[in-house]
Amino acid sequence: MSAAGPLLALSGLSLDFVTRGGRVRALDRVGFEIAQGEMLGVVGESGSGKSVTAYAVMDLLEPAARIGGGRLDFRGLDLLGADRARLAALRGQAISMIFQNPRAALNPIRPVGRQLVDVLRAHRPMNRAAAESEAERLLAMVRIPDPARRMMAYPFELSGGLCQRAMIALALACQPALLIADEPTTGLDVTTQAAIMDLLRDLARARGMATLFITHDLALAGDYCDRIAVMHAGQVVECAPTARLLAEPRHPYTRGLLAATPRSGSRIGEIAAVGGALPDLTREDLPPCRYAERCERRRPECDAAPPPLAERAPGHAVACWRAA
Amino acid sequence: MKRFWRDARHVIAANPVTLAAFVLFVLLVGLAIFGPALAPFDPIASDVPNALRPPSAKHWFGTDQLGRDVFSRVIVATRIDLTIAVSAVALSFAAGSAIGAAIGYLGGLVDRVVGQLVDVLMAFPLFVMAMALVAALGNTVANIIYATALINLPFYIRIARAEVNQRREAGYVLAARLSGNGPWRIVLGVLLPNVMPTLVVQMSLNMGWAILNAAGLSFIGLGVRPPTPEWGIMVAEGASYITGGRWWPALFPGAALVLAVFCFNLLGDGLRDLVDPRRRT
Amino acid sequence: MSGGRWLGYAARRLAMAVPILLGVVLFTFVLMRLLPGDPAVFFASSPNPSQAELLALRAKLGLDRSLPEQLAIYVRDLARGELGQSLTTGQPVARDLLARLPASIELTVVAFLLAMAVALPLGVAAATRPNSWLDHLARVVITAGVSVPTFVTGIVLIYLFYYLLGWAPDPTGRIDVFIGQPPRVTGLLLIDSLLNRNPERFLAALKQLALPAATMALFAIAPIARMTRASMLGVLSSDFVRTARALGLPRRQVLLTYAFRNALIPVVTTLGMVLSYMLGANVLVEKVFAWPGIGSYALDAIVVSDYAPVQGFVLAVSALFVFLNLAVDLIYGLIDPRIGFER
């Protein structure tokens, strides 16, 4: 594997869901890269296609999904062209994933220790005893107190925060190079949320693991991520290093999101919601720029052709005709 | 109402099986009403020299051990089988929904105890209970109806109770209470009409089961007595000749039973789709 | 779940079985009072009892006392295993029932195992491969299973396999009379013939059992397969199965260890329900195949208005039912670790 190239690169990924209600154009030419050891935030409202993108990388899409085009490269391997066995071998081993609602994400009738042993033994030639001691070590690593006793605990016996820690242990069991974290703190209280995010950042740094952090919370992504990609209605609208994106947002949607994000020092009156709603993705007449109908700066050229995600400044790409 | 017909068209278009079931249902009802007039032969007139003849142009379904025309007997039996099932289902519907709605509305200890009891009863080998009841009450058609109604009762109580429980604090119920209506008026006049669609679906799904139960009882010699033509008895009488390869006296009434039960089950599924479009599969 | 918690749960379930049993006893007691005529006649040793015997019986049954007293006497007799005399066989009902119970149990258990062996894989296959031919087959079986009465299934099977194909033996009784029964140990012919090291008898008993067991199994397959399919479909789209896939667990492990075990939880309830209904269906199947179990015993008695055996039969079935429910609850507690907590 070359150190120079990105770990994971998406380009031009388009994806539809074929449903009874029509074709849902879920992703439109989605592209971004993530380097080894980097934490990339993917931010957007629910329905913007963040999770679908993650599932596409994991090959966990439901049968109704149809990939229309694009490329997914992981360490130079073409994920869309690879056979399923090859992909299955990557999952849990090289790429892993954690989810929101951690308690539901764990097998309810299997002790967490057993679930760890299952994952370890699925990927490593290990006897049970070795796997068990490794599992216990992993529980300690994610800072679960009293790991020996917690090995036998069922998810319903653990708090939401502890369940998410156990889930992180499961995902990191086999030292993946990339972790996809899909809203890992949604539904947890604020203190737990910070603890989980700190844990994720520390573990990622210690292991040189890249993290794809999916969230609707721009402020949270701003606190932890190296770079941020903003998604809207299945399109990546802006992608830049965190500090730059927060300081100089170029896309009107990013600006709207920022204005809607409460920050320390902001007064109630200053927080504004993003106007309008996501367009119905089953529509036949979706505008080329899917933000156009919510945009205050819409011009005739916005309806002529889709704006490409173009680099406007070093490392700062924006998909808007009107962005300088 | 307009929406109902639109939904009905949708259900039938999406699911032609429901339409077939409906046609079958009309046919069954027709046979139940006009059966005796339509039957080509007297269903109880025996003709021993012509006993156990296989199906022919004259006797479409052959003749039984007494030389009676199986076709005519199958047709005429429709009325008694449907009557038993309909009366039983109507009885348990009326009693079950009233009891269920009342305890669901009252809530509290009674509700919990009856709820538990109903759960246990539903898992009980109900056919055995029906058997014991008919044996004890006496071997008559009326008692078959009562027994079948009784073992269906828990299903209605459960559904009515659950549905009423859900709606007990609904806005329109509170409104009715505030305008001075007593509990009985609220249960009968406000709540029951609202839970009716669910109960009607249950009724249709239940018809098939009621037919099976009633036929089962007469198959083991309870209720309807020979020479009355009834599907369960006919299967029982025909069963003795099956080992000799004479299949028609048993299998034709058996097929009629299957068809009737099948028809009500499919119709129930279709009705459920109509009443509760979310559960459409 | 830990052993202590499970035991506590088991004790609570056991305690809940008691009121059910009492209810059943009360039901049969009321049933006895409903009977037209004089109960003493039903318990007499002959169809034409002498006046003296009737008086003695009335005193013994306590028919001259108040209802609560009668109930107490009834319960006392039940506790002693006294279920009255059968007019038809001239034997105590309890003895008759015990003699015939193994036949019913053998039939029901074999049918139940057969049904599970078919229905569980069918349901799983239908859920994992939606719209495949297996899924369609499952749907046909499920719809047919709830529409075809057991006695019709039995007759069709007899016609096919005995008359047309000649594969099955004469559909009467538990074993070919010329081969004869093995020495009775458990009363279950399959087991007794094996204990007796007599493969010929084992085979004869198995052949005889095949059709009635298949009839009963066909009746049971539909609800089990339907529940398995629905439950498996639900579990397969659940978060934790998605997690198991994302973590790269082998497909087999995802389907069996993760999905199926969870899907089994609601299926166990259905299994209990089905087994309980099979106790009722026994009566019909035993009649079709002249199977000498407790169901046909009760039927023979009903026809001649011999009520003590009927009452004994209802009590026996109810006891089995209570026992079954208890077993289902306990298995439930073993599969689902959450159970001791919620209740």
Side-chain angles (χ1 to χ4, degrees), chain A residues 51 54-55 57-63 84-112 114-124 152-157 163 166-167 169-174 176 179-182, chain C residues 1-6 8-9 126-132 135 231-269 329-343:
Chain A
S51 297
Y55 288 143
V57 175
M58 295 296 291
D59 188 33
L60 286 178
L61 291 165
E62 42 186 299
R84 302 215 93 148
R86 189 87 187 266
L87 293 172
L90 283 180
R91 281 202 296 270
Q93 174 99 296
I95 312 179
S96 221
M97 187 162 177
I98 63 175
F99 305 90
Q100 59 176 304
N101 197 358
R103 188 169 293 134
L106 296 170
N107 188 342
I109 61 169
R110 206 162 172 81
V112 290
R114 289 286 292 281
Q115 299 186 43
L116 273 164
V117 169
D118 289 342
V119 173
L120 286 166
R121 297 190 71 189
H123 299 292
R124 304 259 157 98
M152 290 312 297
Y154 291 96
F156 75 96
E157 295 171 312
C163 280
M167 186 67 231
L170 282 166
L172 299 195
C174 298
L179 174 71
I180 301 177
D182 187 0
Chain C
M1 103 169 73
S2 69
R5 203 153 74 223
W6 189 76
Y9 166 74
T128 46
R129 297 185 189 79
N131 288 319
S132 66
D135 189 18
S231 167
M232 194 72 186
L233 274 176
V235 169
L236 281 176
S237 63
S238 72
D239 285 7
F240 67 85
V241 165
R242 182 194 58 191
T243 306
R245 287 202 180 114
L247 294 174
L249 295 186
R251 185 180 152 82
R252 231 187 116 72
Q253 193 173 24
V254 173
L255 283 185
L256 296 182
T257 316
Y258 278 64
F260 183 63
R261 276 204 209 163
N262 273 283
L264 213 50
I265 293 171
V267 173
V268 169
T269 313
D329 279 345
L330 296 187
I331 292 170
Y332 211 96
L334 284 179
I335 299 182
D336 191 343
R338 289 162 294 188
I339 217 77
F341 255 90
E342 285 163 356
R343 306 190 179 181

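Residue numbering restarts at 1 for every chain, and letters A, B, ... go by the order of the sequence lines.
- When A/Leu106, A/Asp59, A/Leu60, A/Asp118 are compared by the number of non-hydrogen pairs under 4.5 Å with chain C, A/Asp118 comes out ahead.
- For A/Glu62, no part lies under 4.5 angstrom from a heavy atom of chain C.
- With a 4.5 angstrom heavy-atom cutoff, A/Met167 touches chain C only via side-chain atoms.
- Shortest non-hydrogen contact noted between A/Phe156 and C/Pro337 is CZ-O, 3.5 Å.
- Listed by sequence position, C/Asp239, C/Phe240, C/Arg242, C/Thr243 are the residues of residues 237-244 of chain C in contact with chain A, using a 4.5 angstrom heavy-atom cutoff.
- Atoms CG and CD1, from C/Leu334 and A/Ile109 in turn, are 11.5 Å apart once rounded to the nearest 0.5 Å.
- Using a 4.5 Å cut-off between non-hydrogen atoms, the part of residues 259-268 of chain C that approaches chain A consists of C/Arg261, C/Asn262, C/Ile265.
- Qualifying side chain to side chain contact (heavy atoms under 4.5 Å, CB included) partners for C/Leu233, counting only residues two or more places apart in sequence or in other chains: C/Ala127, C/Arg229.
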Under 3.5 Å, sequence neighbours excluded: what are the donor-acceptor pairs made by side chains of residues 85-98 of chain A?
{"from": "A/Arg91", "atom 1": "NE", "to": "C/Arg245", "atom 2": "O", "distance (Å)": "2.9"}
{"from": "A/Arg91", "atom 1": "NH1", "to": "A/Met58", "atom 2": "O", "distance (Å)": "3.0"}
{"from": "A/Ser96", "atom 1": "OG", "to": "A/Ala171", "atom 2": "O", "distance (Å)": "2.9"}

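- Contacts between A/Pro176 and chain C at a heavy-atom distance below 4.5 Å are absent for every atom of the residue.
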Practice task
Run the numbers on A/Gln115 and C/Leu247 for side chain to side chain contact (heavy atoms under 4.5 Å, CB included), then give the verdict.
Solution key: CA-CA 10 Å; A/Gln115 299 186 43; C/Leu247 294 174; over 6 Å; no

